[in-house]
Amino acid sequence: QSRGAGYARNRAASLRKKDNIDKDNHYFLCLLDSDDVMHPTRIVEQVTYMLSLDQNDCDRTLLGCKFVREPEDSTWHYTQWAHGLS
C-alpha cells in the first residue's frame, strides 16, 4: 500500500537520525518520481556541486534541478514557479 511521496521523503530523511549515520562521510538522497525521466548526468552534476560546499553548507542544503515538461505546455504555471526558486 502506497503512502505517497511525502511519506517516503519524510521516512528517508529520518534514517540519518535513526541510524546515527557518520557525519564525517557524505550521504545523499536522490529522489525521482516514477513518471519522471532523469538527465544522464544529473547525479554526477549534483554530487559534484554538493561536494564543493563546506560541511556546514552541505548539511543545510536541499538541491533541486530544473526540468522539462512533456507536453511542453503542461502545467506551465508550476514550471514557471519551480524554475524561479533559489
Side-chain angles (χ1 to χ4, degrees):
Q1 173 185 351
S2 174
R3 296 184 185 173
Y7 173 81
R9 290 175 182 155
N10 290 338
R11 177 74 181 111
S14 71
L15 291 177
R16 180 173 180 167
K17 294 177 186 173
K18 178 184 171 207
D19 295 336
N20 245 351
I21 292 176
D22 181 5
K23 288 187 176 185
D24 292 334
N25 292 310
H26 294 280
Y27 294 88
F28 301 106
L29 178 64
C30 180
L31 301 173
L32 183 70
D33 293 335
S34 63
D35 62 341
D36 292 345
V37 176
M38 183 169 51
H39 189 278
T41 62
R42 174 189 169 202
I43 294 175
V44 70
E45 289 178 35
Q46 289 182 322
V47 169
T48 299
Y49 176 79
M50 292 297 290
L51 292 175
S52 74
L53 300 174
D54 66 49
Q55 186 66 43
N56 289 333
D57 288 338
C58 188
D59 287 344
R60 299 178 299 173
T61 299
L62 175 64
L63 182 63
C65 61
K66 290 189 175 185
F67 53 85
V68 176
R69 285 287 193 201
E70 292 182 14
E72 188 174 319
D73 61 347
S74 66
T75 64
W76 63 267
H77 53 284
Y78 174 76
T79 302
Q80 186 178 29
W81 170 80
H83 286 185
L85 296 174
S86 60

Interatomic spacing from CD in Gln46 to SG in Cys65 - rounded to 0.5 Å: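 It comes to 5.0 Å.
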Separation of Arg42 CZ from Cys30 SG (nearest 0.5 Å):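 If we round to the nearest 0.5 Å, Cys30:SG and Arg42:CZ are 4.0 Å apart.
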side-chain contact (heavy atoms from CB on, under 4.5 Å) partner of Glu45, chosen from Thr41, Thr48, Val47: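 Result for side-chain contact (heavy atoms from CB on, under 4.5 Å) with Glu45: Thr41.
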Donor-acceptor pair, side chain of His39 and main chain of Phe67, under 3.5 angstrom: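 It does not hold such a pair.
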With sequence neighbours excluded, residues passing side-chain hydrogen bond (donor to acceptor under 3.5 Å, both in side chains) with Thr79: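 In terms of side-chain hydrogen bond (donor to acceptor under 3.5 Å, both in side chains), with neighbours along the sequence ignored, Thr79 is linked to no residue.
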Leu63, CG: over 12 other non-hydrogen atoms inside 6.0 angstrom: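 Yes, the 6.0 Å shell around CG holds more than 12 heavy atoms from other groups.
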ILVMFWY network linking Ile43 to Leu51, side-chain heavy atoms under 4.5 angstrom: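 Yes, same cluster.
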For Trp81, all residues meeting ring pair (Phe, Tyr, Trp, His ring centres under 6.0 Å), sequence neighbours excluded: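 Partners of Trp81 by the ring pair (Phe, Tyr, Trp, His ring centres under 6.0 Å) criterion, ordered by chain and then number, come out as Tyr78.
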